[in-house]
Amino acid sequence: MNEFHGVAINPDGWMYLSEHLAPICTIMDIPLTLPSKKTAQQVAKYYPDLKTQVIESENFSLSYLFEKYDVIFHSDTFDLQSHAKALKDMIQNLDKDAHIVHCPHGFSDKGFWFERSVNEDITLIYGQNELDLLRERGVLQNLKHYVMVGNTRLPYYQKHQKHFDEIVQKEVFAQFDQERPTLLYAPTWQDPENSSSFVDASEILLKQLPKEFNIIIKLHPRTRNSHKEHLNDMIEQYKAHPQVVILEDYPLVYPILSKSVAYIGDMSSIGYDFLAFDRPLFLLNQNRRDTNNDRGLFLYRCGVEITPDQYKNIFSLIKETLVNDQKSESRQQVYRYTFGKERGTGQIRKDLILQCENHKLFY
């Protein structure tokens with residue numbers, strides 16, 4: 001492959017997907033394609049070195065893209081098998097090699113999403129934790145081709161840390177009336193596994209918030225789909241609260257984590273992201289699952305488990321833990337197990353190009 005003709009796509013313009021695609025785009029030196037000028041401008045504001053382009057939603061077709069590019073990166077699930085015949089005919093008519101690469105949007109223990117990713121042409125894999133998760137869910141053998149990439153977002157944040165920190169200070173932390181230790185609550189959405197703690201926990205967290213803390217509630221963008229009324233009531237009630245910031249569809253993660261003294265969550269991938277800072281995690285076991293035997297609660301082994309009957313006592317647990325917390329080998333081990341050693345951008349690019357050179361889309 002003398003030249004790499006690739007493109008990344010975010011056809012619905014979800015900001016949280018652009019958060020995961022942007023580092024890959026810069027590694028591969030490819031544009032991120034978005035459905036409107038507005039979304040392209042929003043993304044360009046946040047992510048340095050990122051090339052963007054616009055294709056209106058109605059023109060977002062694989063046939064159009066494959067006429068111009070050989071490799072398409074995306075961060076949703078495409079399910080190659082369901083489109084196999086149409087794709088095969090299209091590629092044959094174009095008389096070219098073509099590839100579809102799946103870029104995951106964060107690692108969490110919610111395996112249902114990763115089960116779908118094995119049906120892609122080439123799958124980007126964070127590390128050993130993801131491979132073991134696929135094995136234990138009985139789908140690893142379906143993984144066609146993959147490239148281990150590690151945590152691409154953390155070094156991207158570190159490279160542009162001044163830029164990211166200034167944006168988050170202006171857009172998020174400046175909303176507080178004064179500096180205090182900041183807690184981050186980032187619940188997942190009400191997914192097919194009913195993982196979200198949002199309705200039960202958010203009210204307690206906000207009503208009982210002590211005077212010595214600020215709190216950021218960073219919601220998954222899909223939360224509004226299932227909890228619209230609760231969300232609207234919460235935003236209206238706390239929009240002027242001096243210690244509370246609610247982020248409904250905010251893409252940046254690492255610059256918020258870097259300034260948070262602790263993480264509160266359930267099954268969100270942000271919990272694994274926070275391990276990079278080796279600070280306390282408070283993990284809400286909304287469905288009272290068995291943390292000792294449930295592989296789907298792997299992260300809980302390096303955090304403080306809190307069941308619904310303990311939600312009312314969460315701040316006393318947080319205060320006690322913060323006073324006594326030290327560097328944690330268990331948090332560091334789980335981070336290494338999940339993301340491995342940091343890989344250089346040149347090696348990731350080389351491995352991806354080799355995968356594209358060494359096989360065809362349909363083999």
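For this chain, numbers begin at 1 and follow the sequence in order.
No side-chain donor-acceptor contact under 3.5 Å links Y311 and S197. In this structure, a donor-acceptor pair under 3.5 Å is absent between the side chains of H145 and N358. With hydrogens and angles left out, the side-chain atoms of Y46 and E171 include a donor and acceptor closer than 3.5 Å. At a cut-off of 3.5 Å, with distance as the only test, no side-chain donor of Q237 or D233 sits close to an acceptor on the other residue. Looking at Q333 and S330, their side chains never bring a donor and an acceptor atom within 3.5 Å of each other. Side-chain polar atoms of H230 and S202 form a donor-acceptor pair below 3.5 angstrom. There is no side-chain donor-acceptor pair under 3.5 Å between K327 and Q332.
Relative orientation of the F73 and F4 rings is tilted, given thresholds of 30° and 60° on the angle between their planes. In this structure, F277 and F274 have tilted ring planes: the angle between them lies in the 30° to 60° band. Ring planes of F198 and H227: tilted class, angle from 30 to 60°.
Linking Ile, Leu, Val, Met, Phe, Trp and Tyr residues whenever their side-chain heavy atoms come within less than 4.5 Å places L133 and Y272 in a single cluster. Under the 4.5 Å side-chain contact rule for hydrophobic residues, M234 and I215 share a cluster. Clustering ILVMFWY residues whenever any of their side-chain heavy atoms sit less than 4.5 angstrom apart, transitively, puts L32 in the very cluster that holds V253. A single hydrophobic cluster is seen to contain both F282 and I204, as judged by linkage of ILVMFWY side chains at heavy-atom distances under 4.5 Å, directly or through other members. The same ILVMFWY cluster, assembled from side-chain heavy atoms under 4.5 Å apart, contains both V168 and Y157.
Judged as a salt bridge (charged side-chain N to carboxylate O under 4.0 Å, His left out), and not counting sequence neighbours, the contacts of E236 are K239. Here K51 pairs with D29 under the salt bridge (charged side-chain N to carboxylate O under 4.0 Å, His left out) rule; sequence neighbours left out.
Under the 4.5 Å side-chain criterion, counting only non-hydrogen atoms from C-beta, P308 is not in contact with D200. No side-chain heavy atom of I264 sits less than 4.5 Å from a side-chain heavy atom of I306. Between I235 and E248 there is a side-chain heavy-atom pair separated by less than 4.5 Å. With contacts defined as side-chain heavy-atom distances shorter than 4.5 Å, the pair N151/Y335 qualifies. Side-chain contact between Y146 and Q355 is absent, with no heavy-atom pair separated by less than 4.5 Å. The shortest distance between side-chain heavy atoms of I217 and L219 falls below 4.5 Å. L283 has its side chain out of reach of E305: every pair of non-hydrogen atoms, C-beta onward, lies at least 4.5 Å apart. The shortest distance between side-chain heavy atoms of Y254 and D165 does not fall below 4.5 Å.
E166 and K162 are joined by a salt bridge, as a carboxylate oxygen and a charged side-chain nitrogen come within less than 4.0 angstrom of each other. A salt bridge does not link R289 with D109: none of the charged nitrogens is closer than 4.0 Å to a carboxylate oxygen. With respect to the salt-bridge test (charged N to carboxylate O, under 4.0 angstrom), the residues R336 and E329 qualify.
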Could you go through the side chain to side chain donor-acceptor pair (under 3.5 Å) check for N324 and E320 one step at a time?
-> CA-CA 7 Å; N324 298 308; E320 179 182 352; 4.9 Å; no

Test side-chain contact (heavy atoms from CB on, under 4.5 Å) applied to T152 and Y126, step by step = CA-CA 9 Å; T152 58; Y126 289 122; 5.5 Å; no

Can you check side chain to side chain donor-acceptor pair (under 3.5 Å) on T39 and Q42, steps first, answer last?
-> CA-CA 5 Å; T39 55; Q42 289 175 328; 5.8 Å; no

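In this structure, W14 belongs to a hydrophobic cluster whose other members, linked by side-chain heavy atoms under 4.5 Å apart, are Y16, L17.
Checked against the 6.0 Å centroid criterion, the rings of F107 and F114 qualify as a close aromatic pair. Between F298 and Y337, the ring center distance clears the sub-6.0 Å criterion.
The neighbour count for K159 NZ, taken as heavy atoms of other residues, nucleotides or ligands under 6.0 Å away, does not exceed 12. The 12-atom threshold is exceeded at CD of Q178, counting heavy atoms of other residues, nucleotides or ligands nearer than 6.0 Å.
Within the 3.5 Å criterion, the main-chain N or O of S117 finds no donor-acceptor partner in the side chain of H102.
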